[in-house]
Number of protein chains: 2
Amino acid sequence: MFTIDTRSRVPIYEQLTEKLKELIVREVMKEDEQLPSVRSLAQDLTINPNTIQKAYRELEREGYIYSIPGKGSFVSPVKNEINRERMEMLKKELERIVGEILFLGVPKDEVIKLIETMEEPERSGDDD
Amino acid sequence: MFTIDTRSRVPIYEQLTEKLKELIVREVMKEDEQLPSVRSLAQDLTINPNTIQKAYRELEREGYIYSIPGKGSFVSPVKNEINRERMEMLKKELERIVGEILFLGVPKDEVIKLIETMEEPERSGDDD
DNA sequence: ATAACTGTATTATTTATACTAATACAGTTA
DNA sequence: TAACTGTATTAGTATAAATAATACAGTTAT
């Protein structure tokens, strides 16, 4: 389900939250779908359950998932709030990157051309 | 000269290399210009000289600066190599960011519109 | 030549944080 | 009742960054 780089400078629990956020935001994991249990995921990835728990706790704090003791952890209904926050972050990053590229002398047109050649994602299940 | 966040997860020496790289690539610091000495910069930023040295060593290794024992450290003549590598990195980041934005459902046109509204940098000294 | 700078190198210590380990407790479900 | 769930706590380990304290050699100006 996940690929974790234990040698990365990015902590394991943060790699986990990142990847899970993406799965949730992109709706690969649907609303109310159950996440793997803390212990089973820990066993799968051969890392400590506490590390998983830390990731889940963070995801819950940020509203991506909700947990029910005894039952499990589940994907929260997608809040616009979350997408909005993520968009803000992405836009800021975008501006920083493009800013640097422009500074390096690449004309704006070329940057735009680069984006134009990118493929827009398939949205098979968005017509509901 | 610099702002360092000692609490950031990004190590101090890496913050330093990042910022210096930008100053060099953007030619705020010109070719052969002398950098502050290891000790003086350490005193300015109230951090350990060894940390500065580590940053300088890295910058030298990557070809951004050159050091002469007894004299000081200086900005390397800007190599196209460096700009090329940096561009590669920036383009990859750009694609990742834009990819995520598109996944969040923002149409390509809007991303482009955002970039169009950005100001191109002044290039006062580029006409030589 | 001497003092005050430079970069460079080495070794030891401290500090911060992630991660692991080992439990324990309580709710859920079959 | 057994086997799951999430949650919490406490202690220990590992790693990397940063500090501290020196030392050595080249440069520069007086």
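Each chain gets a letter, A, B and so on, in the order the sequences are listed, and its residues count up from 1.
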Atom OH of B/Tyr13 and atom P of D/dA16 are separated, to the nearest Å, by 10 Å
Go through C/dT20, D/dT7, C/dG7 for me and flag the one nearest to the A/Pro69 side chain.
-> D/dT7
Whichever of B/Ile12 and A/Gln53 has its nearest DNA chain D nucleotide further upstream toward 5' | A/Gln53
Is a salt bridge present between B/Lys92 and B/Glu88, judged by a nitrogen-to-oxygen distance below 4.0 Å?
-> no
Let me know, please, whether B/Arg57 or B/Ser37 comes out on the 5' side of the other along DNA chain C by nearest nucleotide.
-> B/Ser37
Once you round it to whole Å, what is the distance between P of C/dA12 and CG of B/Asn48?
-> 17 Å
Flag, side chain of B/Ser8 to backbone of B/Val10, donor-acceptor distance under 3.5 Å | yes
Among B/Glu85, B/Glu58, B/Glu14, B/Glu62, which one satisfies salt bridge (charged side-chain N to carboxylate O under 4.0 Å, His left out) with B/Lys21?
-> B/Glu62
Hey, does the side chain of A/Ser67 come within less than 4.0 Å of D/dG6's phosphate (OP1/OP2), counting only N and O?
-> no
Partner of C/dT15 under the Watson-Crick or G-U wobble criteria, both distances under 3.5 Å, comes out as D/dA16
Rounded to whole angstrom units, what separation is found between the CG atom of A/Leu45 and the C1' atom of C/dA18?
-> 16 Å
Under 3.5 Å, is there a donor-acceptor pair between the side chain of A/Lys108 and the main chain of B/Met118?
-> yes
Any donor-acceptor N or O pair under 3.5 Å, side chains B/Tyr13, B/Asn50 | no
Answer with base, sugar-phosphate or nothing: what part of the nucleic acid does A/Gln15 contact at a heavy-atom distance below 4.0 Å?
-> nothing
Distance test, side-chain N/O of A/Ser73 to OP1/OP2 of D/dG6, below 4.0 Å | yes
Return the value, rounded to whole Å, for the distance between atom CG of A/Asn50 and atom P of D/dT13.
-> 16 Å
Just how far, in rounded Å, is P of D/dT27 from CD1 of B/Ile68?
-> 9 Å
Name the nucleic acid region contacted by A/Arg39, choosing base, sugar-phosphate or nothing; use a 4.0 angstrom heavy-atom cut-off, strictly under.
-> base
Atom CZ of A/Arg7 and atom P of D/dA14: how far apart are they, to the nearest Å?
-> 17 Å
Paired nucleotide for C/dT29 [Watson-Crick or G-U wobble; both distances under 3.5 Å] = D/dA2
Taking CD from A/Glu14 and C1' from C/dA18, how many angstroms apart are they, rounded to a whole number?
-> 11 Å
Using purine N1 to pyrimidine N3 plus N6-O4 or O6-N4 for Watson-Crick, or N1-O2 and O6-N3 for G-U wobble, both under 3.5 Å, which nucleotide pairs with C/dT20?
-> D/dA11
Would one find a side-chain N or O of B/Thr51 under 4.0 angstrom from OP1 or OP2 of D/dA18?
-> no
Side-chain N or O of B/Lys71 closer than 4.0 Å to phosphate OP1/OP2 of D/dT28 | yes
Could you tell me the separation between the NZ atom of B/Lys54 and the C1' atom of C/dA9, rounded to a whole number of Å?
-> 14 Å
